[in-house]
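What follows is a set of notes on a single structure, which appears directly below.
In each ligand, atom 1 is the first atom listed, and ligand 1 is the first ligand listed. Heavy-atom basis, side chains included; hydrogens, waters and symmetry copies ignored. In what follows, residues are counted from 1 in the order of the sequence shown.
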Amino acid sequence: MPDAPPVIRATHLCKSFGAHAVVQDVSFDVAAGETLVLLGPSGCGKTTLLKLLNRLIEPDEGTVEINGRNARQQPVEVLRRGIGYVIQQVGLLPHYTVAENVAVVPHLLGHAPAAIAARTTALLTRLHLPPARYAGQYPHQLSGGQQQRVGLARALAADPPIILLDEPFGALDPLTRASIRREFRELEELKNKTVVLVTHDVTEAFELADRIMLLDAGQIQQLDTPRALLFRPANAFVRRFFAAERLALQLRTLTLGDLFPSTETDTFDLTATTTVHDALEALTGAAPATARFTVAQLMAAFGEALQQEEKAWKR
Ligand SMILES: Nc1ncnc2c1ncn2[C@@H]1O[C@H](COP(=O)(O)OP(=O)(O)OP(=O)(O)O)[C@@H](O)[C@H]1O
């Protein structure tokens, strides 16, 4: 059977503002159900690249194909119907209630009122905004984190197969950010969707991405799995970009399956896909998980695994 075509295919995209080349010859595919994170320093072109995908910005050169069809050859409103979009500043309509904000797109699409109401209720519940309390509130009555969740509910309301997110947890303090991120990762609604997410937060990228595109000055520095970026950096920029958080990222990237490959992992409370970071949290928490290894053994195995990775890379 032939491989499924990519849901998004960008080919040789270029965009300049005046003399400033903001996106320079960028090509990539995003597979169905994949989460691609666009990462890089401020001003490197992440938002511009995201907007090229739903034609909020048109490229100077290059093409975007969505499900094999050139985006430019489709009416923009038809194209965007299939692409949910969460902007950096949330952008809720101030004079609409939470429920009305969530329902904007399904209304425009002419969905039946009963279906819209059911979907809104389901989404708000799922995003921990109990409708009885929040559906009738206005954006200014919500915290920043709640507003961002309404923004996400709005993007998901018409159930588009593709979701674009621009710094969706941008304006939040680190603790709220981490907890919303966890909810986001576990959100059933997102499991089958193709997601492109912009962030400048390295931890966020590692937690959410199937693959990361690291950009600098409008050019792809590396496009690969978090693990490859960390352990097989393509150049000095990639290495430098992760240097400050290297250990924390290694803890989040290596799993118990990497550390104890020959062990029957199903005898653990923790599984083969649990990261070392999460295992450490579980073992040292208020109600510590039971495992066949101690924290010291875990750390020793972690050190060993890092050495193996280094050796494999130098070979
Ligand atoms: N409409 C525009 N006109 C002129 N310059 C623009 C325009 N939009 C973006 N730029 C410039 O393009 C560059 C890239 O902007 P972009 O918003 O894509 O970066 P980014 O990586 O998303 O940055 P940040 O993380 O700070 O949001 C910036 O230097 C910005 O000033």
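- Counted by atom type alone, T194 and E34 present zero donor-acceptor pairs between their side chains at under 3.5 Å.
- At a 4.0 Å heavy-atom cut-off, the residues surrounding ligand 1 are F17, H20, V22, P41, S42, G43, C44, G45, K46, T47, T48, Q88, listed by chain and number.
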Please list, one pair per line, the donor and acceptor atoms closer than 3.5 Å that link side chains of residues 295-306 to other protein atoms, with sequence neighbours excluded.
unit_1 : atom_1 : unit_2 : atom_2 : d
Q297   : OE1    : T294   : N      : 2.8
Q297   : OE1    : T294   : OG1    : 3.4

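- Aromatic ring pairs are classed by plane angle as parallel below 30°, tilted from 30° to 60° and perpendicular above 60°; the pair F293 and F260 is parallel.
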Listed pairs under 3.5 Å, donor-acceptor, residues 101-115 side chains, sequence neighbours left out:
unit_1 : atom_1 : unit_2 : atom_2 : d
N101   : OD1    : L93    : N      : 2.7
N101   : ND2    : L93    : O      : 3.1
N101   : ND2    : Y96    : O      : 3.1
N101   : ND2    : T97    : O      : 3.1

Under 3.5 Å donor-acceptor pairs involving side-chain atoms of residues 63-72, not counting sequence neighbours:
unit_1 : atom_1 : unit_2 : atom_2 : d
N70    : OD1    : R72    : N      : 2.9

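- Between E309 and R232 there is a salt bridge, since a side-chain N of the basic residue sits under 4.0 Å from a carboxylate O of the acidic one.
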